[in-house]
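Values in this document were obtained by computation on a predicted structure and should not be read as measured data.
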Amino acid sequence: MVPSISNNVIKVGIAQMDVVKMPNTIRTSGLGSCVGVVLYDEAKKIAGMVHVMLPDSSLGRTDSINVAKFADTGIKGLIDLLKLEGVQVFRLKAKIAGGAQMFKFASDKDSMRIGPRNVEAVKNELRKKGIPIVAEDTGGSSGRTIEFNPETCKLSIRTVNQGVSEI
């Protein structure tokens, strides 16, 4: 008799991050203007996810910040977690999803464009770290739930009123 491999889904909340190894998967829900960033090492079958809420930690209103909340500190923090698991940065690849413009505003004020600004900030941080984005599902006006499988390196995206896709 072959023992069954139990598959746990590690859940990442808003402004949180975590790391997962196969056979487990990692999921986050509630991606509206937030961006889900998955960094993974195909060879080691290890992945990390951060649920980014805001583009830049300078937007923090206090001295102590939640690292996972911001694109600049969240991506660095996730890389640090992955390094603790023995992942080498040059082997990392990224998949991103989210960054929707959830509400229509009469004004084009930059402060109201949180989704697009989050996507821009995430891409900028990944470029600085030399991590290629191999796939993305960003923008639009619908919320998303994403789940990444480090064994297949597939990101499953459930978009409100649009069904499920895979990148």
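Residues C34 and V52 are not in side-chain contact: their nearest non-hydrogen atoms beyond the backbone lie 4.5 Å or more apart. Taking 4.5 Å as the limit, some side-chain heavy atom of M53 sits within range of a side-chain heavy atom of I14. Side-chain contact between R127 and I133: absent, with no pair of heavy atoms (C-beta onward) separated by less than 4.5 Å. Within the 4.5 Å cutoff, the side chain of V9 has heavy atoms near those of the E147 side chain. Put simply, the side chain of E166 does not reach to within 4.5 Å of the side chain of I157, judged on heavy atoms. Side-chain atoms of I96 and K123, non-hydrogen and from C-beta on, do get closer than 4.5 Å to each other.
Residues I114 and S33 come closest through the heavy atom pair CG2-OG, 3.8 Å. Nearest heavy atom pair, residue A47 against residue V38, reads CB-CG1, 4.4 Å. Considering every non-hydrogen atom in both H51 and S29, the closest pair reads CE1-O, 3.2 Å. Of all the heavy atoms in S156 and V164, the pair that sits closest is OG-CG1, 3.5 Å. Across S57 and D72, no two heavy atoms sit closer than the pair OG-OD2, 2.8 Å. In terms of heavy-atom proximity, L31 sits nearest to A97 at CD1-O, 3.7 Å.
Using modelled atom types, one finds no donor on one side chain facing an acceptor on the other under 3.5 Å when comparing S141 with Q101. Checked by atom type, the side-chain pair N149/T25 shows no donor-acceptor distance below 3.5 Å.
Using a cut-off of 4.0 Å between Lys/Arg side-chain N and Asp/Glu carboxylate O, K76 and E125 are scored as not salt-bridged.
Here R91 contributes atom CZ and Y40 contributes atom OH; the two are 13.0 Å apart, rounded to the nearest 0.5 Å. Atom CZ of R117 is separated from atom CG of L54 by 8.0 Å, given to the nearest 0.5 angstrom. Atom NZ in K93 sits 14.0 Å away from atom CG in L126 (nearest 0.5 Å). Put simply, OG on S165 and NZ on K154 are 11.5 Å apart, with the number rounded to the nearest 0.5 Å.
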For this session: Begin from the C-alpha positions of D56 and F70 and carry the test side chain to side chain contact (heavy atoms under 4.5 Å, CB included) through to its verdict.
Result: CA-CA 5 Å; D56 192 303; F70 305 97; 5.7 Å; no

For this session: Run the numbers on I79 and K129 for side chain to side chain contact (heavy atoms under 4.5 Å, CB included), then give the verdict.
Result: CA-CA 9 Å; I79 290 168; K129 306 281 187 216; 3.9 Å; yes

For this session: Show your working on side chain to side chain contact (heavy atoms under 4.5 Å, CB included) between T28 and T145 and close with a plain yes or no.
Result: CA-CA 6 Å; T28 194; T145 293; over 6 Å; no

For this session: May I have the step-by-step check of side chain to side chain contact (heavy atoms under 4.5 Å, CB included) for D18 and M49, ending in yes or no?
Result: CA-CA 6 Å; D18 211 335; M49 181 184 287; over 6 Å; no

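Note on I167: it clusters hydrophobically with F148, by side-chain heavy-atom contacts below 4.5 Å among ILVMFWY residues. Linking ILVMFWY side-chain heavy atoms closer than 4.5 Å, directly or via other members, places V89 and V134 in two distinct hydrophobic clusters. Grouping the Ile, Leu, Val, Met, Phe, Trp and Tyr side chains by contacts below 4.5 angstrom, directly or via other members, places L82 with I75. Note: the hydrophobic cluster containing I46 also contains L81 (ILVMFWY, side chain heavy atoms under 4.5 Å, direct or indirect links). Follow the hydrophobic side-chain contacts under 4.5 Å out from L39 and you never reach I26; the two are in separate clusters.
No donor-acceptor pair under 3.5 Å is formed between the side chain of D41 and the backbone N or O of V87. Side chain of N66 to backbone of A15: a donor-acceptor contact under 3.5 angstrom is found. A donor-acceptor pair under 3.5 Å links the side-chain atoms of K45 to the main chain of E151, judged by distance alone. Although no hydrogens or angles enter the test, the distance criterion places a donor-acceptor pair under 3.5 Å between the side chain of K95 and the main chain of C153. Checking side-chain atoms of Q16 against main-chain N and O of G13 turns up a donor-acceptor pair under 3.5 Å.
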